[in-house]
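Only one structure is covered here, and it is reproduced in the block below.
Fair warning: this is a prediction, and the values are worked out from it, not measured in the lab. Heavy atoms only: backbone and side chains are in, while hydrogens, waters and symmetry mates are out. The sequence lines fix the lettering, A, B, ..., with proteins before strands; numbering per chain opens at 1.
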Protein chains: 2
Amino acid sequence: MTGSATVPRTAEELRAAILERYDTFSKRLQQIARFVLDHPDDLALETLAVVAERSGVQPSAIVRFAKALGYSGAMPMQRLLRDGLLANHTALGYGERVRQFNAALDTQAGAGDDGELLAEFVDRDTLALENLRQTMTKAEVARAVKLIDQAQTLYIMGFRRAFPVASYLAYSFQQVGKRTVFVDGVGGLTRQQIGAIGESDLLIAVSYHPYAEETVHAVEGAVSAGAKVLTITDSLVSPMAKMAAQVLQVRESEVRGFRSLAASLCLAQTLVISLAFERERAGARNASRPRRRKA
Amino acid sequence: MTGSATVPRTAEELRAAILERYDTFSKRLQQIARFVLDHPDDLALETLAVVAERSGVQPSAIVRFAKALGYSGAMPMQRLLRDGLLANHTALGYGERVRQFNAALDTQAGAGDDGELLAEFVDRDTLALENLRQTMTKAEVARAVKLIDQAQTLYIMGFRRAFPVASYLAYSFQQVGKRTVFVDGVGGLTRQQIGAIGESDLLIAVSYHPYAEETVHAVEGAVSAGAKVLTITDSLVSPMAKMAAQVLQVRESEVRGFRSLAASLCLAQTLVISLAFERERAGARNASRPRRRKA
DNA sequence: GATAGAATGGAACGTATATTCCACGTTCTA
DNA sequence: TAGAACGTGGAATATACGTTCCATTCTATC
């Protein structure tokens with residue numbers, strides 16, 4: 001059953017072999033191949049049953065996968081990955097000292113070197129996320145979710161820097177079955193897109209300083225049409241804040257003039273999934289279809 | 001059974017507990033204690049039988065040792081060390097901590113998710129960011145920035161879930177003065193938007209599983225037109241990976257089918273600002289206007 | 001030096017795990 | 001469209017593992 005003359009003997013060889021033979025695999029085998037490439041640690045450390053459940057396949061399929069690569073079973077492949085893991089770990093330092101090494105690494109971030117730029121952004125975004133956790137209360141999130149849930153139709157808008165957040169919200173809310181209109185302003189049709197908003201609808205407006213004119217006007221229009229407004233913004237005194245039924249304030253990290261969106265997207269994700277849970281809990285209607293875990 | 005009131009809950013606590021109680025142990029137990037302190041990785045990764053053989057004791061003695069420390073058996077202690085091992089090697093700890101997170105989420109699924117959801121997403125995204133720092137090398141970023149810098153015109157595309165990332169990239173690159181075309185697919189004009197791509201141009205394609213057809217086709221078209229392709233994706237075997245001049249792999253956190261974008265956006269931000277620095281360093285031309293460094 | 005108590009080694013046990021096997025479903029081919 | 005080859009899911013099986021138990025050995029105390 002060995003499909004190849006040579007069996008991979010190191011973690012790197014295994015990786016290369018999978019990439020090389022990926023196209024010849026069946027659909028399910030490709031699924032496993034992706035999981036192995038993307039989460040090698042899981043396969044190395046967890047039991048087959050856990051790996052199977054996590055990757056959404058049967059344990060037997062994993063054994064088949066290993067055999068397709070020339071091993072006698074799944075276990076030799078696991079051992080390979082495990083050994084590689086240990087080798088990497090010990091290469092970094094001796095057991096206990098690795099922790100100190102990491103601690104030292106954490107403290108030195110912040111210097112202006114170009115090579116460490118990624119590390120710096122990671123730190124900043126991490127801080128922004130931590131700040132979000134501390135400042136955003138459960139009550140605020142719960143209230144926002146309630147507003148969203150009660151809305152007949154959801155209108156979402158956000159331009160310029162806020163556009164990625166708005167598009168993420170629009171896409172995700174549609175995914176969970178919420179009736180959503182994405183006001184993207186294509187063709188200068190912003191007014192028309194939002195024109196039909198009514199009393200039972202909700203506008204989610206995402207906007208950061210300097211606040212886009214179109215968004216401010218749209219909020220005004222929505223309020224005068226009797227609709228409620230939920231604002232995700234960076235300041236409680238932003239032009240939208242006074243008109244909004246609720247303001248979710250997000251403080252993003254800023255590095256040399258460029259602001260991140262990590263905290264905003266984390267909040268957006270929370271809103272979407274909280275809504276999905278809320279609906280699920282409310283008693284699974286036919287209309288709503290929150291994602292279920294695979295059986 | 002439990003020799004002490006408190007049972008060590010982390011690798012560090014375990015280490016401290018062993019040191020503290022070392023003198024009270026019997027000869028054989030001291031032998032095991034030394035082995036655990038000197039070779040924690042072995043105990044974490046190997047089976048009990050292997051550890052026993054390697055340390056020159058009986059498996060039952062190791063179980064006794066664990067019980068002397070207050071555990072119900074050797075396995076809980078092993079898990080502790082394994083978790084600690086992974087925590088040091090954060091790129092690996094990602095998988096394990098996600099597992100714990102999933103376990104916690106499963107136990108309270110349906111009812112207990114009152115409002116801690118935000119905190120959990122913060123954790124998730126923080127982990128994803130940390131993982132990004134560990135796995136993405138400077139060389140990879142530098143090479144990507146070089147590709148971007150050398151491109152005459154930048155084409156950026158990404159649909160569905162990747163759309164927020166693509167729109168962020170497009171917006172930001174335009175902000176730093178890079179000639180950029182955002183292939184947004186409005187009006188079904190994807191082909192036309194990307195039709196003019198040439199040999200000296202670069203296409204940045206953002207795509208996650210399941211990969212949007214339009215993006216795959218666009219990458220094919222770009223390659224056959226002689227353009228280079230930079231892919232930001234979640235798997236090295238994604239349809240675009242083979243055709244791309246470079247692949248930047250990003251592992252995002254995932255909850256019940258909903259993936260975050262925190263890591264992707266952090267990477268995107270890094271690329272943009274790295275480009276700005278690169279240009280600034282190259283000798284501030286008139287055309288380019290990168291943001292100034294902080295005062 | 002004798003005896004009580006603890007500690008130890010190794011076999012026996014139950015459990016959890018990887019693997020195998022087969023009926024069923026799916027996808028090409030004639 | 002019918003048939004065959006292949007792929008797949010899940011139960012059945014064999015194996016390996018952690019744990020327990022008890023006879024024996026060691027150690028401390030009188």
Going 5' to 3' along DNA chain D, which nucleotides are the first and last within contact of chain A (any atom under 4.0 Å from a heavy atom)?
->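 With heavy atoms of chain A under 4.0 Å away, the range is D:dG7 to D:dG10.
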Taking side-chain hydrogen bond (donor to acceptor under 3.5 Å, both in side chains) as the definition, give me every residue that meets it alongside [X], ordered by chain and number, with sequence neighbours left out.
| X | answer |
| --- | --- |
| A:Asp23 | B:Lys242 |
| A:Thr270 | none |
| A:Glu130 | A:Arg133 |
| B:Arg54 | B:Asp42 |

For every nucleotide of nucleotides 10-27 of chain C, 5' to 3': is a protein heavy atom under 4.0 Å from its base (B), only from its sugar-phosphate (S), or from neither (-)?
-> B-------SBB-------
Side chains of A:Gln31 and A:Arg34: do they bring a donor and an acceptor to under 3.5 Å?
-> no
Going from OG on B:Ser260 to CG on B:Leu129, what distance comes out if it is rounded to the nearest 0.5 angstrom?
-> 8.0 Å
Separation of A:Leu14 CG from A:Leu19 CG (nearest 0.5 Å) |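 If I round to the nearest 0.5 Å, the distance is 9.5 Å.
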